[in-house]
Amino acid sequence: MSDDTINITRREFIKRSAAAGSAVAATGGISYLLYDRTGPVTGPDGKKANFPDFTVPAISGKSMSVVRGAGREACLKKAIELLGGMDRFITRGDRVIIKPNIAFASSPSLGATSHPEIVTGIARMCFEAGAESVSIMDNPINDPAGCYLLSGIEEAAAQIKAKLIYPGENLFEKLTLEGGRLIRNWPVFSKPLMGATKLIGTAPVKSHHRSGASMTMKNWYGLLGGRRNIFHQDIHVIITELTMMFKPTLVVLDGFDVMMQNGPTGGSLSDLTKKNTIIASTDQVAADSFGAGLLGMAVRDLPYLSMAEKAGAGTTDYASLKPVKIEV
């Protein structure tokens with residue numbers, strides 16, 4: 001990846017977006033200006049969505065771990081250790097992309113975005129395993145600069161010397177998912193991923209007023225551009241298609257402060273319940289199937305889980321992976 005084309009600084013992004021001014025405030029964020037003219041597809045398909053398969057070889061008994069304890073970072077480290085350590089996933093020279101949920105300009109204490117301790121912890125372990133670079137990217141609903149700042153992700157990236165990738169229009173391309181019904185000729189925040197060798201997704205456990213829950217699979221929604229809210233009427237289909245399109249190296253589900261109600265934005269500490277749990281897995285469907293239980297839900301309550309399983313993206317029967325469960 002070229003720093004000149006991808007690593008856009010917050011100052012540069014704000015300068016490029018300044019012309020939007022009051023229009024941004026009226027429409028709800030800069031991210032909606034990216035390919036904002038895109039509506040339902042009526043023309044020919046776009047370029048085939050052909051992302052790298054970022055997965056690593058399976059190891060029996062090391063596909064999923066569940067760790068409970070008092071501290072996020074300690075639980076994260078143990079969860080990765082139980083899967084074989086970050087050295088299993090990251091090798092010297094790897095160019096790693098971390099995709100957190102940074103959708104909202106919200107304090108990390110409110111649980112609407114990925115916690116900076118998790119992002120920092122993952123990035124640090126990647127560097128220790130020999131990664132050449134670690135980059136963090138999302139296409140937030142609200143102003144990206146504000147979201148990166150207020151979520152604490154900007155400071156976390158600076159601490160660990162990870163790169164922040166802002167969603168500049170030149171980093172999107174119109175793609176079509178083979179066999180997909182919704183992702184057809186649709187703008188996707190794709191170009192940074194094409195230069196990466198590993199992909200790690202991380203998200204908090206939240207209720208969601210449309211999909212029922214927002215976890216690691218729903219997190220890929222943040223890589224769509226355009227007026228992606230039109231997909232809300234087919235929310236389970238779009239989540240399934242995103243899970244088919246992105247094959248991550250690893251996912252980390254943060255179930256420390258679970259948003260039990262008023263998701264996905266929340267806004268009050270009363271929306272959160274302490275669960276003090278971190279789930280790490282090579283199977284995003286399994287991770288989210290376990291996470292459903294933290295919300296008091298079952299797999300049947302979240303149709304996209306079974307839909308993704310049928311599409312071959314993973315298993316809802318997380319117990320079949322023999323997850324290691326411990327407390328620290």
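Any value given below was found using the heavy atoms of this structure, including those in side chains, with hydrogens, waters and symmetry copies removed. FYI, the numbering just counts along the sequence from 1.
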Practice prompt. Compute whether any side-chain donor of one residue and acceptor of the other, for Asp53 and Thr55, lie under 3.5 angstrom apart.
Written response: yes
Worksheet item: If you draw a 6.0 Å radius around CD in Glu178, do more than 12 non-hydrogen atoms from other residues or ligands fall strictly inside?
Response: no
Item to complete: Show the numbers, then the answer: is there a side chain to side chain contact (heavy atoms under 4.5 Å, CB included) between Thr91 and Lys198?
Response: CA-CA 10 Å; Thr91 57; Lys198 298 292 169 58; 4.3 Å; yes
Item to complete: Given side chain to side chain contact (heavy atoms under 4.5 Å, CB included), test Phe256 with His115 step by step and report yes or no.
Response: CA-CA 10 Å; Phe256 252 68; His115 200 283; over 6 Å; no
Item to complete: Please answer: with hydrophobic residues joined when any side-chain heavy atoms are less than 4.5 Å apart, are Met86 and Val324 in the same cluster?
Response: no
Response to the item:
Joining Ile, Leu, Val, Met, Phe, Trp and Tyr whenever any side-chain heavy atoms lie under 4.5 Å apart, the cluster holding Leu150 also takes in none
Worksheet item: Counting only heavy atoms not in Lys274, do more than 12 sit closer than 6.0 Å to its NZ atom?
Response: yes
Practice prompt. Check step by step if side chain to side chain contact (heavy atoms under 4.5 Å, CB included) holds for Leu242 and Leu224.
Written response: CA-CA 9 Å; Leu242 288 165; Leu224 294 174; 4.0 Å; yes
Fill in: Pair Thr216-Gln284, side-chain donor/acceptor within less than 3.5 Å
no
Practice prompt. Check whether Met217 and Ile183 end up in the same hydrophobic cluster, where Ile, Leu, Val, Met, Phe, Trp and Tyr are linked by side-chain heavy atoms less than 4.5 Å apart.
Written response: yes
Discussion item. Would you say Leu250 ends up clustered with Phe127 if hydrophobic residues are merged whenever their side chains have heavy atoms under 4.5 Å apart, either directly or through other cluster members?
Written reply: yes
Worksheet item: Above 12 or not: heavy atoms from other molecules or residues under 6.0 Å from CD of Gln159?
Response: yes
